[in-house]
Protein chains: 2
Amino acid sequence: MIQSVDRALRVLAVLQGARRRSLGEIAAAMGLAPSTVHGIVRTLLAHGMVVQERDTGLYRLGPATLKLGNVYLDNLELRAHAQPWIADLAAQTGCGVRVAVPLGGDVVVVAAAPTPDEVGIVVPAHACALGKVLLAYGMCTVTDPRPMTGETQLPPRDLGTVRRTGLANEVEEAVLGECGAASPVATADEVCGAVGLVVPAGAWPPAPATLDALRRAARGISRELGASSWPPRFAEESATA
Amino acid sequence: MIQSVDRALRVLAVLQGARRRSLGEIAAAMGLAPSTVHGIVRTLLAHGMVVQERDTGLYRLGPATLKLGNVYLDNLELRAHAQPWIADLAAQTGCGVRVAVPLGGDVVVVAAAPTPDEVGIVVPAHACALGKVLLAYGMCTVTDPRPMTGETQLPPRDLGTVRRTGLANEVEEAVLGECGAASPVATADEVCGAVGLVVPAGAWPPAPATLDALRRAARGISRELGASSWPPRFAEESATA
DNA sequence: AAGACCATTCGGCGATGCCGAACGCTAGTA
DNA sequence: TACTAGCGTTCGGCATCGCCGAATGGTCTT
């Protein structure tokens, strides 16, 4: 782990917390001298990862981050293969559909239907069905176990059942009035994401046919990505068995 | 400019060029020893900026880039204020509408209507109307003057006219069959972006009323962002005058 | 079975970036 | 007007941190 690179990425993380920050604020948040942070920020500035407001001198994230994120999406086989499946699934079920990948203790939405503007949103893994799937397969780790609503269950339960059935549920644990169900998506040798439905609390639980459609989509995407079996095997579980 | 941070960002830039790359490929592209790049990549890996495929060992961009890009969009006042204007403009004119910001020699689309999935795309500044506006105000610099179609004009001409009229044009310079017109958007003290129309070659030139609507939108957004006059003054031009 | 490529580890030399202090600036205040 | 407080920024010296070359253990190809 290279110190200065790690610090640069931590600067970007700090900048995610607020629209704009002063150099001193960033330095204070990281416990470093302002002049140390200045060198890092100047380098980020040169690459467009951050921008500096001309009048106030404050810093914010820059457009290079957007370019980077867009290239990531374009290069993601998971997204490309999932796109037609989730469009169908949204049409069939009338629900919102999301595909997400793990990012530490969170999940990041990489595809959505019928509302593609949900791409990019980040949800704590322990508070949504998509995250529970990824927790069950060891792709996420609970880093910040704070409840988001009064319904949030801590720690996440029944992860064994998730692996057995290929389904995870969530009832108003992230957003009141919103429930979810999700299934794992895998490549030939690991779980790489999850596909899930967003269901209004009034329509919960969904019809069995809806959950079957979800699982069919998860299996279909996984097959296109090279997976041979579904639900996927959990490497660590089968190793200890 | 801190060396290792700069190298880390260049690694990300290299990774934008292809879906996946081996450590050796990245090292070769940068003229460094593989072991040097390895340390950098490991740090990026720890933050989710890159991921490593379990089977092949190859590297690609990671989901943290997507999160970063999404936060950038959420924190962008330009985008928030432009959104209703471009929705109206798209409905009135029947054209595609884009809002873009400068990024070195390119422009990055940060808002679009009626097709929001165009957000994130990157176009060389010298080959599109949006970029010509930003070149005219010194927010972009031509870094890689390669024509994209047979129509691409190099170097970009009539930038003074762009500043005088608040309008830039482009006829099939980026994509054959596609033309564009764009106007500057400014805050109180600098040009921060551009708004433009995408017009099919068959519908070019657009009606004067269409261009007026474009300019009204550009002026309206600029006013909301604190600009006092429109078209905006060009700092360097007025300083030398 | 041999070769080529991969990611990865290690250790020593040296360049590199860290930090404290000083600067110029703007803004708000007495 | 003078004065303080905060900002971003610059500079230089010391020591640290990271760079690189070589060596390892894999896997896949020939």
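Each chain gets a letter, A, B and so on, in the order its sequence line appears, and its residues count up from 1. None of these values were measured; they are calculated from a predicted model.
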Problem - Residue pair A/Asp6 / B/His47, side-chain donor-acceptor N/O under 3.5 Å - result: yes
Exercise for the section: Taking only the side-chain nitrogens and oxygens of B/Ser22, find out if one of them lies under 4.0 Å from OP1 or OP2 of C/dC6. Expected result: yes
Practice task
Establish, with yes or no, whether the OP1 or OP2 oxygen of C/dC19 is under 4.0 angstrom from a side-chain nitrogen or oxygen of A/Arg7.
Solution key: yes
Practice task
Using the closest heavy atom to pick a nucleotide of DNA chain D for each, name whichever of A/Arg21 or A/Ser4 lands nearer the 5' end.
Solution key: A/Arg21
Handout entry: SB check A/Arg19 A/Glu53 (cutoff 4.0 Å)
Key = no
Handout entry: Terminal contacting nucleotides, 5' and 3', DNA chain D versus chain B (heavy atom, 4.0 Å)
Key = D/dC19 to D/dG21
Exercise for the section: Remember a base hit wins even if backbone is also touched, and classify A/Leu23 as base, sugar-phosphate or nothing at under 4.0 Å, heavy atoms. Expected result: base
Handout entry: Point-to-point distance, once rounded to the nearest 0.5 Å, from CG of A/Leu68 to OH of B/Tyr72
Key = 13.0 Å
Practice task
Would you indicate whether the side-chain heavy atoms of B/Leu78 and B/Val99 approach each other to under 4.5 Å?
Solution key: yes
Handout entry: Rounded to 10 degrees, the angle between the two terminal axes of the helix from C/dA1-D/dT30 to C/dA30-D/dT1, each from five pairs
Key = 30°
Practice task
Give me the residues of residues 29-41 of chain B where at least one heavy atom lies under 4.0 Å from an atom of DNA chain C, by number, or none.
Solution key: B/Ser35, B/His38
Handout entry: C/dA7 phosphate, OP1 or OP2, under 4.0 Å from B/Gln52 side-chain N/O
Key = no
